[in-house]
Amino acid sequence: MFNTAVATNNRSFIVRWAWREIRQGQLWLVTLALSLIIACVFALSALVSRVEAIIVDQGRSALTADSVLVSSQPIDLSQLKTLSTDAVKVAQQIRFGTMAFSDNGMQLVSVKAVDSVFPLRGELNLQSADAALLEHHVKPQQLWLAERLFSLLNVKVGDVLMLGDAELTVSGRITQDPELSFNPFSQMPTVFINQQDIEAVGGVQPGSRISYRYYFLGSNKSLADIRQQLILTPSQRWLTENDAGRSGDFIERARQYLSLTLVLVVLMAAATLVLTCQHYAATRKTAVAMMKSLGATKGFLWRWLLTQIGLVFVVAIVIGLTLGLGLEWLLRYPLQNLLPDQLPAMGIAPFVISLLLALLIALPALGIPLSRLVQTSAINSVQVSTIAPTSSRLAWLLLLLPVLAAIVWIGTNFLVWLTLLGIVGLLLVFAGIGVVAIALLQRVKLGAAYSLALSRVNRSKIKTATQLVALTCSLMLLAVIGLLRNELLADWQNTLPANAPNVFALNIAPEQQQSYLAALDKANLTRSQGYPVTRGRLVAINDQRFYATSNETATDQAENNTEINNELNRKADDESVDPALRRELNFTWAKTLPSHNVVTKGQWGKAEGVSVESGIAKRLNIHLGDKLAFTVGGLEFNATVNSIRNVEWRNMKPNFYFIFTPDVLQSFPATGLVSFRVGKQQNGLLNTLASKYPTVSVLDLRMMATRIQGLLAQVSWSLTVLAGLGVVSGLLLIMTLLRLSISERQTEIQLYRTLGASRKRIAATLWFEYGIIALLAGVIAAVGAELVVGLLVVKGFELPFSLHPLMWVGLPVLAIGLVYLVSRTQINKLLLPLR
């Protein structure tokens, strides 16, 4: 009983002691650093898991299934074992083009012949004559038209329409198609019919261009089994959620920034934890020596220390998870209009990941200094000596665990590895530069305090280099997070500004172009220039053709042109051929290149020239001066490459792979294309234009543009919150570093005071010493951040890079300001003489 009571009292005493260490000692810094790691990792991993689940769901809804198989030939699915278990639902669609005729007009349309279960995901809304009723599936003998076909063909619900060879009654209008295509050049008005009516329509004929689509809905395992069972031909391909959605590029870059910022925040919090743990071990050296001199065993010391660390972990988990939940809500708040009302569950993964990561970081951060602390000799209670080094095997083992975990966690994330390697390389170079710079500063004479500060810095070169590297790294990481955010937001704003076009007008007849543009100008609409557009193919580069053909002569030119077109049609479904060669492209000509295209090589000419988009030029190995051959309507012509252009395909402006000088193409028939911006209250204007110009195809992208711009605004706010978190972590690391560095000087400075040194002289020496280190760290960090951000922007995000001169001034000023704030609170206590 007595021994049990003693043991209980000992445990209670150790717990109370540990709690007092957290509240009043150095352990509160360790607790704060651990809490920050747990909060950041939990919040970001929870947000990522939810957003990724939503992105996958939205992407699959845009596909109308979990996975889609596209083929140019019908596929027999009856042999698939997975389908027989009812684990997977399947829908089918056949796409083809045909003519639609009414009593008042005709129009080329894109027919989607679907079965009765299409779509498997998303919503297909079909509105009949009864506006209050919506149908979501297509039944036999039904014909549903896209909205603009009603004005183009001058028909109404209930009228009879000739579709191919069949006469069908118009059932109603398509109010929402989950498979909307956002390519303004290939967009034809859509009609829906049931697959049972295909034979009557006669759309599937030998030589017809047909696209067969098979939609699958099921578990990831079932879909993976289907992929393994089906051996695809070159004319077949799978579509997944990664292929859907125009905003995918924006989201992917936001994801990259998110993962990069998470790693950098964890690095800074881990560095803060390492510094505070080392400082804690140093401050407890005398206490451990005294307890050993009073008979304390290593077992007791380990129980004492582990109790403190266990309590620290409990407090850090409570604070960290509480802060993490609040931070996750704060990061998610600006996305609330984008996210569904029923959020995907975050699961237990964020809890496990955050706690496991904190434990892995804390193992070496706490384990190494504490194992050295336990080895402290009792002689330290009366004579200062160094802490005995811990076992190198134990230290390497403790370090190996988080390193291996980091390798697994980061994995193949090229952006993160690029950042880490760039920072490490730069720090090694800049550490040497800093030491050299300090040596050069000795030649400057600014008084006794300045000389004394430099003398002390030079006496402890290793410690000075360590402080310089740590401070430089902190400032650099802080700057990288902020600058990358600004680069991403600037790119998004330039790509899709608030006044970006949201409507395309296509197929404008030549005789209508001037009046149509005048109507847009009269309505004060912001528009692009008008582009003449004709469709054709690239068939040869420097007489090197992309297919086998017989030698041409003047007499068989026409026959060979037919052969060329047939061969290109056969290759259109070959996945090994570049997409730009498998289909017809949109060509235009102009006297000057569009202002939103940037010429990177060459110069725009006036005759027999063509400007090539840089992406296709790189893929097809096209260079300045190359002779290219094209066909339009079976007629072949040549043009010489006079320039290479960078094209931003996301800006919703008319863009082209090839732009010709007028003399090359202006003799070919063409239709007009223009993009313009229409406000929310200008639906009447579009209806007026549609009635006045019924043959002009209008592609209204306002809903898509609004969603993308809203998405960017909301993601931008989340990135701002995230960057703010990174800045707070960086500032905490910097202030901790400075505070611990200055406090280490306490005994030395108090000894100077005892020996008669004036407060003014000591204060001035400290200001010079830490001011020099801060100035050098700020300058070096600015240069390093510029290089790292440039590397990430160009190689990681593939964006143009520009310098940031304000950062060159701001970072050194910030470093000196932080030194001033921290030193001001510490120096007064250090200037007291020994008692």
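Heads up: numbering here begins at 1 and tracks the sequence.
Within the 3.5 Å criterion, the main-chain N or O of P654 finds a donor-acceptor partner in the side chain of H596. At distances below 3.5 Å, not a single donor-acceptor pair connects side-chain atoms of N597 with backbone N or O atoms of P594. Side-chain atoms of N586 never come within 3.5 Å of backbone atoms of R535 as a donor-acceptor pair (strictly under, hydrogens ignored). The closest donor-acceptor contact from the side chain of R645 to the backbone of S611 lies under 3.5 Å.
Classification of the F658-F587 ring pair by plane angle, with boundaries at 30° and 60°, yields perpendicular.
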When the side chains of residues 664-673 are checked against the rest of the protein, which donor-acceptor pairs come out under 3.5 Å, sequence neighbours left out?
none

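With sequence neighbours excluded, the residues forming a side-chain hydrogen bond (donor to acceptor under 3.5 Å, both in side chains) with S515 are Y693, listed by chain and number. Partners of S67 under the side-chain hydrogen bond (donor to acceptor under 3.5 Å, both in side chains) rule, at least two apart in sequence or in another chain, are R227. Under the side-chain hydrogen bond (donor to acceptor under 3.5 Å, both in side chains) criterion, N646 pairs with S614, not counting sequence neighbours. Residues passing the side-chain hydrogen bond (donor to acceptor under 3.5 Å, both in side chains) test with T98, sequence neighbours excluded: none. In this structure, the salt bridge (Lys or Arg N to Asp or Glu O under 4.0 Å) partners of D521, at least two apart in sequence or on a different chain, are R527.
A pairwise comparison of heavy atoms in A607 and D663 identifies CA-OD1, 3.3 Å as the closest pair. Of all non-hydrogen atoms in A146 and I174, the two that sit nearest each other are N-CD1, 3.8 Å. Nearest heavy-atom pair, E786 versus S802, reported as atom, atom and distance to 0.1 Å: OE2-O, 4.1 Å. Looking at every heavy atom in both residues, S643 comes nearest to V599 through CB-CG1, 4.0 Å.
In M106, the CE atom is not crowded: 12 or fewer heavy atoms of neighbouring residues, nucleotides or ligands sit closer than 6.0 Å. Counting non-hydrogen atoms of other residues, nucleotides and ligands closer than 6.0 Å to CD of Q544 gives a total of 12 or fewer. Taking a 6.0 Å sphere around CD of Q512, one finds it holds more than 12 heavy atoms contributed by other residues, nucleotides or ligands.
The structure places OG1 of T588 at 11.0 Å from CG of N655, a figure rounded to the nearest 0.5 Å. The CZ atom of F504 sits 10.0 Å away from the CZ atom of F676 when rounded to the nearest 0.5 Å.
Checking each of L525, L520, V674, V678 against V503 for a side-chain contact (heavy atoms from CB on, under 4.5 Å) leaves exactly one that passes, namely V678.
Inter-residue side-chain proximity for W604 and T661 is flagged as met; some heavy-atom pair is nearer than 4.5 Å.
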